[in-house]
Number of protein chains: 2
Amino acid sequence: MAQKPTAKASILDAYERAVIENGERAATLEAVAADAGVSKGGLLYHFGSKNDLVAGLVERMDELAEADLGALRVAPEGIVRRFIRSSVDVDTTFDHTYIALTRLAQSGLHPEATDALTRVESGWRDLIATEVSDPAVARLVLLVSDGLYYNSALWPGVERGTGTDEVEGVINALDDLIRARSH
Amino acid sequence: MAQKPTAKASILDAYERAVIENGERAATLEAVAADAGVSKGGLLYHFGSKNDLVAGLVERMDELAEADLGALRVAPEGIVRRFIRSSVDVDTTFDHTYIALTRLAQSGLHPEATDALTRVESGWRDLIATEVSDPAVARLVLLVSDGLYYNSALWPGVERGTGTDEVEGVINALDDLIRARSH
DNA sequence: GTCTATACATGGATAGAC
DNA sequence: GTCTATCCATGTATAGAC
């Protein structure tokens, strides 16, 4: 049920891509259909409306989030390090969906998108709390991650000075803080 | 030249409000005109096109940013403390314009909005660098601020657990870090 | 300086052929 | 399952009256 390399999946991919690259407004049925290699009518056979596309993305997000949390939970380097690192990595399946939903949420037209993101963030929050006892630091970790996502969501494709190596510095700084505060 | 309580200003206000509250897509000429108390035609007399509205916002942003940096520079509590605190305060003239531009930037249709935000962030970066010597920590401070803005921009009106008092904890944590790293 | 009327384009969605 | 044709709503922008 989760693994169909069908037209449906590639339409969803195209929608995701369109939203990320050109914004929700530009992600018209026609544009998405063209990118997915079908016609408007063809698209509408699989997704009866634009809202259905959003719903499809939400569903995908929930599945990916579950997997993401699972991987995070068993990350050998620790939850926080892995978490922050993965926040820069904007080129995974997870990130694509997450960023697309971020855009949709901001459009104000899709409360379901906002809800899905809230669920994800809530999962992260709980997990981080298991590793970081100080609530202020835990909050700080989440804010840094949000900041990283915000950056990549806002300046798509633009290298904005938060490269992977620079993030290592940030991670180390957070580490110092966590150690200093854990007594 | 900067102080006209004219229709032009109130139209710009209405546009800003519309973008923040309902997203860029809902900020149609008609909706903005209605909110500003003029007709579509009336609006278009002052702003010949939708792009002119965006340009007006960008101009406003540049003016406000200058004032903001000035205030930050002489903040008695220090630049970082003031900076982070003001990132939660989403109810100033500055924040309204900033958040509206954030939304516009994400729509992908207004590069000028992205540019304006880049200028603002660049001003902040430079200023923070004068107070925080460690580049990783300086970057962290910016990311936290971005995170806070992202939160308020994404969940408008929603109390998302980052209240003013909780932010004090975050500020103190950052303070610890700055002190620990400044030798 | 502000309004009404209207032209024009575009996007979402339906109907029905293949 | 996918396409074409078409309808309808909405949004931007222009023209011209007041």
Would you say A:Tyr45 reaches D:dT2's phosphate, i.e. side-chain N/O to OP1/OP2 under 4.0 Å? no
Just the rounded figure in Å: distance from P of D:dT12 to NZ of B:Lys40. 7 Å
Spacing of A:Glu30 atom CD relative to C:dT10 atom P, expressed in whole Å: 10 Å
Side-chain heavy-atom pair A:Tyr150, B:Leu143 within 4.5 angstrom cut-off: no
Tell me the interatomic distance from A:Leu29, atom CG, to D:dC3, atom C1', rounded to whole angstroms. 15 Å
B:Leu43 CG to C:dG1 P: how many Å, rounded? 15 Å
Could you say whether A:Gly41 or A:Arg25 is positioned toward the 5' end of DNA chain C, judged by the nucleotide with the nearest heavy atom to each? A:Arg25
To the nearest Å, how far apart are A:Asn22 CG and C:dG11 P? 12 Å
For the pair B:Glu24 and B:Arg103, find out whether any cationic side-chain nitrogen is under 4.0 Å from an anionic carboxylate oxygen. no
When you measure from the side chain of A:Ala7, which nucleotide among D:dT12, C:dT2, D:dT2 comes out closest? D:dT2
Name the nucleic acid region contacted by B:Ser39, choosing base, sugar-phosphate or nothing; use a 4.0 angstrom heavy-atom cut-off, strictly under. base
Check every strand shown and say whether A:Leu44 touches a base, only sugar-phosphate, or nothing at a heavy-atom separation below 4.0 Å. base
What is the ring orientation for B:Trp124 with B:Phe83, classed by angle as parallel under 30°, tilted 30 to 60°, or perpendicular over 60°? perpendicular
Worked verdict on A:Asp52 versus A:Lys8 for salt bridge (Lys or Arg N to Asp or Glu O under 4.0 Å): CA-CA 11 Å; A:Asp52 280 8; A:Lys8 206 162 170 171; over 6 Å; no
Within this structure, what is the CG-to-P distance between A:Asp52 and C:dG12, rounded to whole angstrom? 13 Å
Between B:Phe47 (CZ) and D:dT14 (C1'), how many Å, whole number? 19 Å
Protein-nucleotide distance (B:His46, atom NE2; C:dG1, atom P), rounded to Å: 7 Å
